[in-house]
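Single-structure report; data block below.
Given the structure is predicted, the values throughout are model-derived calculations rather than measurements.
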Amino acid sequence: MPPEFAGLAPPAWLLRTLRPQRAAVNRAAVVRAAVAMTLPLAVGLAVGEPAYGALASMGALSGVISDTADAYRMRILNIAVPQLLGAVGVTLGALTYGHGWVTVGTLTAVALVSGMISSIGAVASVSGLLLLLNAVIGAGLPLPGAWWAAPVLMAGGGLLVLLLALLAWPLRSGVPERAAVADTYRAVADLLAAHDSASPGGPDGSGSAGNAGSTGSPGGRDLPDAPGAPDAYDTARHAVTRSLNQSYDLILARRARHHGRSPELTRLLAQLNAITPVVEAAPAARLSGRPLPEAIPAAVRGLADAVAAGPTAAVAAVAAVELRLPAPTSEATRAVDHALRHAAEVVATPDIDPQAIDDRLGRPAALGVRAARAARDVALSGASWRYGLRLALCVGIAQVLVSTVPVPRSYWVALTITFVLKPDLGSVFSRALLRAVGTVAGLVVAAAVLSQVQRGWWDLAVLLVLAPLIPALTPRGYGYQTAAITPVILLLSDNLNHQGTGLILPRLLDSLTGCAIALVAGYLLWPESWHTRVGTRLADAVEDTARYVASAFGDGTEPAARARMRRRIYRDLSVVRTEFQRALTEPPPTGRRAAAWWPLVVAVERIVDATTAARVRVGHGAPPPDPAEVEHVIAHIRELTEGIRRSAVLVGVRADLTGPADSVLEPLRQEVAAARAVASPR
């Protein structure tokens, strides 16, 4: 960029907000969206009731938004449950249409419930979204037919998406679950093949964690364009964490319904458990400083192909792998060799006794127990009440505004707030910005469609083009999703109110008004919006890390419990990373304050890695550390925890962490010292 225009460049946080995310296009979802959203409108036109067809297509739109799961049983929950609450929402909205303050009170109460249940989980979040979204539509549009027609039609449109998604179930039963486990094996292969320049350093913080935290991290004075520059090993480990989380969530959620009686799920869970020791051995191999032979990750990829092939072909596939591994020469390589041979044995075993399987993350409780537990947590959670009150306040203000100011068909104000102010969906500020940008782009397309395309059968051709863009662009980011959804909603709603291009300018003003209300009443008035939660969550993870170190060396913790603890820490650190990425999209000073925590996030992850590596080395022949040495390290980790909790900024500490140079804890001491040496930018 020429120097004279350098001052006009957008800030880094804004560029991160607007940058599209990389994601593959789900072709099956694209086809389902085209068919499910076009077919109801076609039927409505054929029988002379386009308004009814438009309502069913709106329901199909919500089904397309909910269609995010790979496993077929999970799709039933992801699509059917939100449709049920969506039907309740449109019923409440339609019954209060045109009733003034009754409408205001009803939508405000629905918004409170919607915001509170969003903290339960992904399915509850989408359900809460559709509950409020459909209530706003029902209260803002004159829906045709009896009071029950709209909920039946909209729910039917959503269930059509589910029906199309389940058509291949008889032919592909179990394939998504096997694919998830196979992908985990491939991610582990990439982890074993990853090499980086990290090497253990001295106790002054110049080791691997210190380097990871200072070179290319966003902790400097000028916030960089990307949050840090993790090496190949770190990137691969994050991919393994995500893949393990997804696979365990998928397998254990299904297994809870079968109570361990499904041979297929038992086998897949055993295969996931079998790859865990390989993951645990990876840090030890990395810290040895010598890359693993290519035959090792190649063998894991062969096991991944065997898992994907299914039980009937697994034995032959494993035999084809030919585990001709090099002879191990150290504790680390012995750990990798032993874990890999065990994984191959499990993958090649067609029948596994369910009683012999240990659930490394614990078997989930029954669905009714989990539902009761979630309801109790939501009712007693201060965070869920704050989320609900924020959403209720904004929706209430919007309804009061449109009830007192003569704005025609202004349900779009509350509709905008519903999408922008879902607290579990990311930064309110960035979503408001992306909503405004996406709406403008979508309205340009809608203006062309409404002005040039005659209502009727030509709408089907337009929907066939626009509907597939929703699942195609949604993974790219919220702004792209908004740009894809806006013209579709306007086209369908025009079949209900017949305003044509008269919708364009009011919808733009309504969207900008909704964004403004969300920013002021849902963002600026709540001080917690200005502060990142990275520090608090990271402190919890560091505290758990201290307990993990204690469990790894001599407190009598069972290996399975220790594995669950390690997995929980990595899962928590994954949440911290997500919160960190969200905070970086906030404007200064919130984003800049969050960026200062990045080096410590990396350092804590490496502390967990170093602990696992030391435990693995001890398990394969290395001398165990002295208990006093272990307590010394734990004391420093706990001091780090207290320092994080007491201060809003990071303050570097020169840690006195010395010990025998040949101890298995030497790399761990270096990582702890590096973590304590991290300081915030001045």
Decide side-chain contact (heavy atoms from CB on, under 4.5 Å) for L244 and Y570; before the verdict, give the C-alpha distance in whole Å, the side-chain angles of both, and the deciding distance to 0.1 Å.
-> CA-CA 10 Å; L244 278 171; Y570 275 128; over 6 Å; no
Without swapping roles, check the side chain of H238 against the backbone of D234 for a donor-acceptor pair under 3.5 Å.
-> yes
What pair of heavy atoms forms the shortest contact from H620 to A335, and how long is it?
-> NE2-CA, 3.5 Å
Please test T184 against S247 for side-chain hydrogen bond (donor to acceptor under 3.5 Å, both in side chains), starting from the C-alpha separation and ending with a verdict.
-> CA-CA 7 Å; T184 298; S247 297; 2.8 Å; yes
Any side-chain heavy-atom pair of V278 and Y185 under 4.5 Å = no
Residues R301 and A193: closest non-hydrogen pair is NH2-CB, 4.1 Å
What closest approach, in Å, do P277 and A274 show between heavy atoms, and which atom pair accounts for it?
-> CD-O, 3.2 Å
Considering all heavy atoms, the nearest P297-L192 contact | CB-CB, 4.4 Å
Passes salt bridge (Lys or Arg N to Asp or Glu O under 4.0 Å), E345 versus R341? Steps please.
-> CA-CA 6 Å; E345 181 181 350; R341 293 183 185 279; over 6 Å; no
Can R566 and Y548 be said to form a side-chain contact (heavy atoms from CB on, under 4.5 Å), step by step?
-> CA-CA 7 Å; R566 184 185 64 84; Y548 176 59; 3.3 Å; yes
Minimum heavy-atom separation for S243 to A180, with atom names?
-> OG-O, 4.2 Å
Exactly one candidate in E639, H636, R606 meets side-chain contact (heavy atoms from CB on, under 4.5 Å) with V672; the answer is H636
D190 and R186 ion-paired at < 4.0 Å = no
Carboxylate-amine/guanidinium proximity below 4.0 Å for E331 and R615 = no
Which residues pass the side chain to side chain donor-acceptor pair (under 3.5 Å) test with D572, sequence neighbours left out?
-> none
Return the minimal non-hydrogen interatomic distance between L600 and A675, and the atom names on each side.
-> CD1-O, 3.7 Å
